[in-house]
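One is the number of the first residue; the rest follow in order along the sequence. No experiment lies behind these values; they were computed from the predicted model shown.
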Amino acid sequence: MAGDPNDVIEAGGPAGPRRWVGIAVLAALVVVPVVSLLVSRDPGLPPVPDPRATVSGTVSTPVAAATPTNVLHPKPRSKGDRRILDVVFPDGTKAEITYPADLALAELGVRPARGGWLDGYFSLYRELTAPPGGHEEVAQGGPMIRELAGNSTLWQAASPAEGQVMLFDFTPWYVTLRDQKNGMTFEQRQLWARNLRGEVTKDGYLVLEASSPVRLAEPGQIFRGGIAGPRLWFGGFGGPLVVVAPMPHCDTASIGPIEAGQGVSKSVCKNGVYVAASGEQGVVERVIAGVRGKLVR
């Protein structure tokens, strides 16, 4: 976007015809491994929607994994014909999620998600998500491009339309930052790698923290019509998807629907907890009517 002060453009004047000929000849002599190095330094530009997002930027059903391994199956408590889950969101916020036993929410499996950006580069907003297939889903049998700082590595894009993938190892969780095709510079990726941390609670939930210049979205923050703040995804592996998030004051007017595919999408917010579901209409309506959250101080 011309004129956007948040854009990161690598400087360089236009090349004339003779210069382009020279570059073409030179490029033919460059060995293949160098290509990955150069691609990993693409300049940062405003992000395109994540492939798991709707046009409004909201979370949609994640890409299914043959055998989801990067998920948590928490143990609920029972109270009559209802079940209670003690959950921890990726910012450390705690809540009780109650639901009818026949919805089997815990059995769907849960994963964390949270957005973030670098100070001064809000247009470089990115999503931190847990791929259901973990490390193997990101690697896809291919070689790693490079090690970054700390416990992060860089991998090839899942498709030509996407950017490269940063993978963070917060054992037992794997978390991805999926870039856009012409994404962050190498230096910006290093800032993410050095300043993002993850801790696992005794119940297995992942809490993400960061040091400046990395900024993580807080509860209730919205970006381009989607929840940027911490949330939990239940299911989504070819079946219903349920998203639960802390939402102070339940200010949800600007949040778009979850991508429903051939199904429907509905949401509700009460007591500062947002619940959304997509999938078959009957299941979605039961989730919206029966799933409730209460923040725990």
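Here the side chains of Phe168 and Arg197 are not in contact, with every heavy-atom distance at 4.5 Å or above. The closest side-chain heavy-atom distance from Pro100 to Arg286 is not below 4.5 Å. Taking 4.5 Å as the limit, some side-chain heavy atom of Tyr99 sits within range of a side-chain heavy atom of Leu85. Annotation: side chain of Phe234 is not in contact with side chain of Val243 (no heavy-atom distance under 4.5 Å). Between Thr201 and Val207, some side-chain heavy-atom pair lies under the 4.5 Å cut-off. Between Ile97 and Val244, the closest side-chain pair of non-hydrogen atoms falls below 4.5 Å. Put simply, the side chain of Leu295 reaches to within 4.5 Å of the side chain of Pro246, judged on heavy atoms. Contact annotation: the side chain of Pro240 never approaches that of Ser278 to less than 4.5 Å [non-hydrogen atoms, C-beta and beyond].
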Evaluate the criterion side-chain contact (heavy atoms from CB on, under 4.5 Å) for residue pair Leu216 and Leu128; output intermediate values, then yes/no. CA-CA 9 Å; Leu216 299 180; Leu128 296 164; 3.8 Å; yes
Run the side chain to side chain donor-acceptor pair (under 3.5 Å) check on Gln164 and Arg189 step by step: do they pass? CA-CA 11 Å; Gln164 294 168 343; Arg189 288 171 176 165; 2.9 Å; yes
Should Thr129 and Arg178 be marked as a side chain to side chain donor-acceptor pair (under 3.5 Å) after you check the CA-CA gap, both sets of side-chain angles, and the distance that decides it? CA-CA 9 Å; Thr129 60; Arg178 297 180 185 271; 4.8 Å; no
Could you go through the side-chain contact (heavy atoms from CB on, under 4.5 Å) check for Phe186 and Arg146 one step at a time? CA-CA 11 Å; Phe186 174 74; Arg146 65 165 72 229; 3.4 Å; yes
Quick one, Leu206 with Val175, criterion side-chain contact (heavy atoms from CB on, under 4.5 Å). Give me CA distance, side-chain angles, the key distance, then yes/no. CA-CA 10 Å; Leu206 178 65; Val175 171; 3.4 Å; yes
For the pair Met247 and Thr252, evaluate side-chain contact (heavy atoms from CB on, under 4.5 Å) and give the outcome as yes or no after the intermediate values. CA-CA 8 Å; Met247 186 66 57; Thr252 61; 3.9 Å; yes
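Transitive grouping of hydrophobic side chains (ILVMFWY, heavy atoms separated by less than 4.5 Å) keeps Val296 and Leu232 in distinct clusters. Cluster membership check: Phe170 shares its hydrophobic cluster with Val214, using side-chain heavy-atom separations under 4.5 Å among Ile, Leu, Val, Met, Phe, Trp and Tyr. Follow the hydrophobic side-chain contacts under 4.5 Å out from Phe237 and you never reach Val138; the two are in separate clusters. Linking ILVMFWY side-chain heavy atoms closer than 4.5 Å, directly or via other members, places Leu103 and Val268 in a single hydrophobic cluster. There is no path of hydrophobic side-chain contacts, each under 4.5 Å, that joins Met166 to Trp155.
A donor-acceptor pair is defined here as one N or O able to donate and one able to accept, closer than 3.5 Å; such a pair exists between the side chain of Arg292 and the backbone of Ile288. A donor-acceptor pair under 3.5 Å is formed between the side chain of Trp173 and the backbone N or O of Gly204. Listed for the Thr185 side chain is a donor-acceptor partner under 3.5 Å among the backbone atoms of Gln188. With hydrogens and angles disregarded, no donor-acceptor distance shorter than 3.5 Å links the side chain of Gln156 to the backbone of Gly142. Distance alone, capped at 3.5 Å, places no donor-acceptor pair between the Glu285 side chain and the Gly282 backbone. Judged purely by atom type and a 3.5 angstrom limit, Arg194 has no side-chain atom pairing as donor or acceptor with the backbone of Trp192.
A salt bridge does not link Arg114 with Asp91: every distance from a Lys NZ or Arg NE/NH1/NH2 to an Asp or Glu carboxylate oxygen is 4.0 Å or more. A salt bridge does not link Glu280 with Lys266: none of the charged nitrogens is closer than 4.0 Å to a carboxylate oxygen. Between Asp86 and Lys94 there is no salt bridge, since no side-chain nitrogen of the basic residue lies less than 4.0 Å from a carboxylate oxygen of the acidic one. In summary, Arg77 and Glu96 engage in a salt bridge, as defined by a charged side-chain N under 4.0 Å from a carboxylate O.
Taken from CZ in Arg83 to CG in Asp102, the straight-line distance is 9.5 Å, to the nearest 0.5 Å. Between the CG atom of Leu167 and the CD atom of Glu137 there is a distance of 10.5 Å, given to the nearest 0.5 Å. Atom CG of Asn151 sits about 8.0 Å away from atom CG of Leu196, to the nearest 0.5 Å. Taking OG1 of Thr171 as the reference point, atom OH of Tyr174 lies at 6.0 Å (rounded to 0.5 Å). The line from OG of Ser265 to CD of Gln281 is 11.5 Å long, rounded to the nearest 0.5 Å.
Nearest heavy-atom pair, Gly198 versus Leu208, reported as atom, atom and distance to 0.1 Å: CA-CD2, 4.2 Å. Closest of all the heavy-atom pairs between Val284 and Gly279 is CG2-N, 3.4 Å. Across all non-hydrogen atoms, the minimal contact from Met184 to Leu177 is CE-CD2, 3.6 Å. The two residues Ala276 and Ser267 have their closest heavy-atom pair at CB-CB, 3.8 Å. Heavy atoms only, all atoms of each residue included: Val273 and Lys294 are closest at CG2-N, 4.0 Å. Heavy atoms only, all atoms of each residue included: Ile227 and Ala245 are closest at CD1-CB, 4.2 Å.
Taking the six-membered ring where the residue is Trp, Phe122 and Trp117 present perpendicular rings, their angle passing 60° and hence far from 30°.
Checked against the 6.0 Å centroid criterion, the rings of Phe89 and Tyr205 do not qualify as a close aromatic pair.
A donor and an acceptor atom, one from each side chain of Thr98 and Arg82, are located under 3.5 Å apart.
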